[in-house]
S.K.: 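Dumping the structure here so I can ask a few things about it.
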Amino acid sequence: MITIKSPEEIAFMRESCRIVKETLDFVGKNIRAGITTKDVDDMVYRYIVSCGARPSELGYCGYPASSCVSVNEVVVHGIPSDRIIEDGDIVSVDITAEKNGFHGDAARTFLVGNVSEEKRQLVKVTEECFFKAIEGLKAGTPLYDIGYAVQTHAESHGYGVVRALVGHGIGREMHEDPSVPNVGRKGTGMRLKAGMTICIEPMINAGTYKVVFHKDGWTVTTMDGKPSAHYENTVLITDEGVEVLTL
Ligand code: MF3
Ligand code: CO
Ligand code: CO
């Protein structure tokens, strides 16, 4: 079901999303080579709780942590563990927070230490894909224009756009309708409406778009072992444009 948020609900969304943004900023300041992905998860847990919110990934469909920490070839849903973050890694951190019954959701891919030019470029283009997607976006825009913008930009750099995972609506539930694919044909799909809140989250691979779902039930990696980047924000659709709630 697609939900349209009232002004009061939008105020709650803003607050949850601000907490998500601040938490990611905090992780960005503190992530470094030598710590484990579990150390990152502890930072996320503590920060979100200190804001009076709940890390809503914890326990979601049995997920065992407060964050997804995905290193290099891990696309998304990396489970925090004893894996040590190394110099030259790119680390995607994807978190959600719930307060007053509403969720915020965002992800960043951090560069740790001396990162190769190839990986830097991948991370940069992945972020650009998000900003291309929100260019001109407003109430009335066909939904699949988002995927068209992401796909066009990523593929112009020779990258693979993950299809097996998509963005989504968000609100009282972490995942609401509609699905927001990162590939698509311009001018198709439902028209966006003012008051919708959606997560736009390009997942871009250096090589093939194909991914592998691991037996732990969560971890998703690239099929060719090449690196992958993820960038996500929660976005409010308005009649004039968009408000990016997690920036
Ligand atoms: N934050 C993720 C998303 O962008 C969802 C994580 S699900 C979890 O949709 F179970 F891993 F937490
Ligand atoms: Co997310
Ligand atoms: Co999301």
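Numbering of ligands and ligand atoms starts at 1, following listing order. Please read all numbers here as calculations on a predicted model, not as lab measurements.
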S.K.: Shared ILVMFWY cluster between Ile31 and Leu24, side chains joined below 4.5 angstrom?
M.R.: yes
S.K.: Counting only heavy atoms not in Phe110 (residues, nucleotides, ligands), do more than 12 fall under 6.0 Å from its CZ?
M.R.: yes
S.K.: What are the polar N/O contacts of ligand 1 with the protein below 3.5 Å, with distances?
M.R.:
{"unit_1": "ligand 1", "atom_1": "1 (N)", "unit_2": "Glu57", "atom_2": "OE2", "d": "2.9"}
{"unit_1": "ligand 1", "atom_1": "1 (N)", "unit_2": "Asp94", "atom_2": "OD1", "d": "3.1"}
{"unit_1": "ligand 1", "atom_1": "1 (N)", "unit_2": "Asp94", "atom_2": "OD2", "d": "3.1"}
{"unit_1": "ligand 1", "atom_1": "1 (N)", "unit_2": "Asp105", "atom_2": "OD1", "d": "3.2"}
{"unit_1": "ligand 1", "atom_1": "4 (O)", "unit_2": "Asp94", "atom_2": "OD2", "d": "3.2"}
{"unit_1": "ligand 1", "atom_1": "4 (O)", "unit_2": "Asp105", "atom_2": "OD2", "d": "3.0"}
{"unit_1": "ligand 1", "atom_1": "4 (O)", "unit_2": "Glu201", "atom_2": "OE1", "d": "3.0"}
{"unit_1": "ligand 1", "atom_1": "4 (O)", "unit_2": "Glu201", "atom_2": "OE2", "d": "3.0"}
{"unit_1": "ligand 1", "atom_1": "4 (O)", "unit_2": "Glu232", "atom_2": "OE1", "d": "3.0"}
{"unit_1": "ligand 1", "atom_1": "4 (O)", "unit_2": "Glu232", "atom_2": "OE2", "d": "3.1"}
{"unit_1": "ligand 1", "atom_1": "9 (O)", "unit_2": "His168", "atom_2": "NE2", "d": "3.1"}
{"unit_1": "ligand 1", "atom_1": "9 (O)", "unit_2": "His175", "atom_2": "NE2", "d": "2.7"}

S.K.: Does Lys5 pair with Glu176 as a salt bridge, N-O distance under 4.0 Å?
M.R.: yes
S.K.: For residues Tyr60 and His103, establish whether the separation of their ring centroids is below 6.0 Å.
M.R.: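 For Tyr60 and His103, the ring centres are not under 6.0 Å apart.
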S.K.: Looking at Asp25 and Lys21, is any side-chain nitrogen of the basic one under 4.0 Å from a carboxylate oxygen of the acidic one?
M.R.: yes
S.K.: Is the count of non-hydrogen atoms from other residues, nucleotides or ligands lying under 6.0 Å from Glu9 atom CD greater than 12?
M.R.: yes
S.K.: Please list, in chain and residue-number order, the protein N/O/S atoms closer than 2.8 Å to the Co ion (ligand 2).
M.R.: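 Sorted hits: Asp94 OD1, Asp94 OD2, Asp105 OD1, Glu232 OE1.
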S.K.: From the options Thr96, Asp41, Asp94, select the one residue that forms a side-chain contact (heavy atoms from CB on, under 4.5 Å) with Cys68.
M.R.: Asp94
S.K.: Once the angle between the rings of Phe131 and Tyr231 is folded into 0 to 90°, is it parallel (under 30°), tilted (30 to 60°) or perpendicular (over 60°)?
M.R.: tilted
S.K.: Is the His153 ring parallel, tilted or perpendicular to the His157 ring (thresholds 30°, 60°)?
M.R.: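 Perpendicular: the ring planes of His153 and His157 meet at over 60°.
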